[in-house]
**Q** 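Sharing a structure with you now.
Proteins get letters first, then strands, A, B, ... in listed order; numbering begins at 1 in each.
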Number of protein chains: 2
Amino acid sequence: MSKGSKKSTLSLAALGAVARRFRALADPTRLALIQELMQGERTVGALHAAVGTSQANASKQLAALAAEGVLARRREGVYAYYRIADPSIHALCELVCDSLARRHQDAWAQVAQEVGA
Amino acid sequence: MSKGSKKSTLSLAALGAVARRFRALADPTRLALIQELMQGERTVGALHAAVGTSQANASKQLAALAAEGVLARRREGVYAYYRIADPSIHALCELVCDSLARRHQDAWAQVAQEVGA
DNA sequence: TGGCAATATCCCCATGTGGTGATATTCCTA
DNA sequence: TAGGAATATCACCACATGGGGATATTGCCA
């Protein structure tokens with residue numbers, strides 16, 4: 001079980017940590033919250049209004065993202081301002097979006113080819 | 001509901017697709033299978049032995065990853081060879097690993113600072 | 001201090017899903 | 001063609017989790 005010997009083989013614990021990070025991003029509501037935060041710091045109220053979910057759910061999902069280190073929270077009086085804490089989030093979402101776009105493009109091309117043939 | 005006017009705002013459907021892609025990577029067993037496949041094409045038998053899960057579960061998880069476009073399958077007689085179909089997987093995992101490593105490093109630094117103070 | 005607004009937490013439910021054992025399917029070979 | 005090995009599928013269970021309503025907590029202001 002000593003993991004460090006091989007060059008890039010991760011232990012089960014490390015795989016679990018990576019999985020939890022991915023799981024934090026594996027929900028449309030949380031992605032919508034993150035997308036809103038791409039434009040800058042926002043309060044819980046503004047976020048739950050923009051995303052269209054309940055205040056309770058927005059607070060819960062934001063807390064989950066903050067617990068995973070994806071977001072950071074700042075208190076200012078009654079307001080709680082959330083912001084993106086992990087700069088890699090941008091690159092992650094871009095990578096996935098590009099991959100999905102290419103996949104859809106390929107699917108279209110294949111359909112066109114089949115129809116044309 | 002039509003929100004496509006802004007430049008980089010994704011629709012709910014698009015967010016769902018991105019979420020499903022992330023969800024495919026949000027499991028330690030599936031990540032272990034992918035990690036094994038980083039070294040090249042493998043059969044289901046070799047993968048379930050290397051990862052340490054049951055044959056049924058390995059087959060199910062591999063099928064799920066293939067359905068999401070992450071993996072591709074090739075039949076050769078009785079054997080089913082799986083391989084990584086989406087090249088962005090490497091970059092995705094590297095990004096997350098680097099981010100987690102930096103986070104742990106920062107946590108250590110903070111502990112050291114608190115102890116030293 | 002009383003009241004209101006913003007946020008977090010608690011309880012509950014419905015659904016999704018990882019895992020397993022048993023079974024079906026498919027293909028090779030003797 | 002019969003048997004066996006590799007893979008996929010099915011039925012099922014246990015559990016995690018997204019979501020909502022109600023409520024608690026906190027801080028501001030009149």
Side-chain angles (χ1 to χ4, degrees), chain A residues 12-13 15-37 40-68 70-83 85, chain B residues 12-37 40-83 85:
Chain A
L12 275 186
L15 289 177
V18 175
R20 280 191 293 116
R21 170 69 67 140
F22 277 128
R23 188 171 294 272
L25 304 176
D27 180 76
T29 299
R30 285 194 292 270
L31 286 178
L33 291 168
I34 291 173
Q35 184 175 239
E36 207 68 26
L37 288 172
E41 222 179 28
R42 296 290 147 92
T43 69
V44 176
L47 288 168
H48 105 255
V51 168
T53 186
S54 70
Q55 180 271 326
N57 193 39
S59 178
K60 184 199 276 188
Q61 305 305 334
L62 289 168
L65 285 170
E68 276 303 318
V70 176
L71 302 184
R73 190 175 66 169
R74 180 174 66 90
R75 263 285 186 181
E76 185 168 325
V78 181
Y79 297 92
Y81 288 88
Y82 280 89
R83 66 182 182 277
Chain B
L12 273 186
L15 289 177
V18 176
R20 281 191 292 117
R21 170 68 67 140
F22 277 128
R23 189 171 293 271
L25 305 176
D27 179 76
T29 299
R30 286 194 291 271
L31 286 178
L33 291 169
I34 290 173
Q35 184 176 238
E36 206 67 27
L37 288 172
E41 221 180 29
R42 294 291 147 92
T43 70
V44 176
L47 288 169
H48 107 255
V51 169
T53 185
S54 70
Q55 181 270 327
N57 193 38
S59 178
K60 185 199 276 188
Q61 304 305 333
L62 289 169
L65 286 170
E68 275 304 317
V70 177
L71 302 184
R73 188 174 68 168
R74 178 175 67 90
R75 264 285 188 181
E76 186 168 322
V78 181
Y79 297 91
Y81 288 88
Y82 280 89
R83 67 182 182 277

**Q** Find the distance A/Leu62:CG to C/dT9:P and express it as a whole number of Å.
**A**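 Distance, rounded to whole Å: 12 Å.
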**Q** Can you list, by residue number, the residues of residues 16-30 of chain B that have a non-hydrogen atom closer than 4.0 angstrom to DNA chain C?
**A**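 The answer is B/Arg23, B/Asp27, B/Thr29, B/Arg30.
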**Q** Where along residues 50-60 of chain B does a heavy atom come under 4.0 Å from DNA chain D, residue by residue in number order?
**A**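 The answer is B/Gln55, B/Ala56, B/Ser59.
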**Q** With heavy-atom distances below 4.5 Å as the criterion, would you say the side chains of A/Gln35 and A/Val51 are in contact?
**A**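 Answer no - side chains too far apart.
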**Q** Of all the heavy-atom pairs spanning A/Ala66 and A/Tyr82, show the shortest one and how long it is.
**A**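 For A/Ala66 and A/Tyr82, the tightest heavy-atom pair comes out as CB-CE2, 4.2 Å.
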**Q** I need the B/Leu65 CG to B/Leu37 CG distance, nearest 0.5 Å.
**A**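 The CG atom of B/Leu37 is 8.5 Å from CG of B/Leu65, to the nearest 0.5 Å.
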**Q** C/dA8, OP1 or OP2 - any side-chain N/O from A/Arg73 closer than 4.0 Å?
**A** yes
**Q** Establish, with yes or no, whether the OP1 or OP2 oxygen of D/dA8 is under 4.0 angstrom from a side-chain nitrogen or oxygen of B/Tyr82.
**A**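 Checking B/Tyr82 against D/dA8: at least one side-chain N or O falls below 4.0 Å of OP1 or OP2.
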**Q** By the 4.0 Å heavy-atom rule, please label A/Tyr81 as base, sugar-phosphate, or nothing.
**A** nothing
**Q** Report the distance from atom OG1 of B/Thr53 to atom NE2 of B/His48, rounding to the nearest 0.5 Å.
**A**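 Output value for this atom pair is 8.0 Å.
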**Q** Atom NE2 of B/His48 and atom P of D/dA5: how far apart are they, to the nearest Å?
**A** 14 Å
**Q** Rounded at 0.5 Å granularity, tell me how far CD in B/Glu41 sits from CG in B/Leu71.
**A**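 Rounded to the nearest 0.5 Å, the CD-CG separation comes out at 11.0 Å.
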**Q** Which whole-number value in Å describes the distance from A/Leu31 CG to D/dG18 P?
**A** 12 Å
**Q** Could you state the atom-to-atom distance from CG of B/Leu65 to C1' of D/dT7 in whole Å?
**A** 16 Å
**Q** My understanding is that only residues two or more places apart in sequence, or in another chain, count here; which of them pass side chain to side chain contact (heavy atoms under 4.5 Å, CB included) with B/Ala67?
**A** none
**Q** To the nearest 0.5 Å, what is the distance between CD on B/Glu68 and CZ on B/Phe22?
**A** 12.0 Å
**Q** Could you tell me how far apart B/Arg75 (CZ) and C/dT26 (C1') are, to the nearest whole angstrom?
**A**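 One finds 7 Å between C1' of C/dT26 and CZ of B/Arg75, rounded.
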**Q** Nearest 0.5 Å, please: how far is CZ in A/Arg42 from OH in A/Tyr79?
**A**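 Taking OH in A/Tyr79 and CZ in A/Arg42, the distance rounds to 14.5 Å.
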**Q** Hey, can you pull the donor-acceptor pairs under 3.5 Å for the side chains in residues 24-34 of chain B, sequence neighbours left out?
**A**
unit_1  : atom_1 : unit_2  : atom_2 : d
B/Asp27 : OD2    : B/Thr29 : N      : 3.1
B/Asp27 : OD2    : B/Arg30 : N      : 3.1
B/Arg30 : NE     : B/Ala24 : O      : 2.8
B/Arg30 : NH1    : B/Gln61 : OE1    : 2.7
B/Arg30 : NH2    : B/Arg23 : O      : 3.2

**Q** Mind checking what makes side chain to side chain contact (heavy atoms under 4.5 Å, CB included) contact with A/Ala72, not counting sequence neighbours?
**A** A/Arg83, A/Ala85
**Q** Let me know the distance between CD of A/Gln61 and P of D/dT17, rounded to the nearest Å.
**A** 11 Å
**Q** Measure the distance from CG on B/Leu12 to P on D/dG19 and round it to the nearest whole Å.
**A**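 It works out to 11 Å between those atoms.
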**Q** At 10 degrees resolution, what angle do the end axes of the helix from C/dT1-D/dA30 to C/dA30-D/dT1 form when each is taken over five base pairs?
**A** 10°
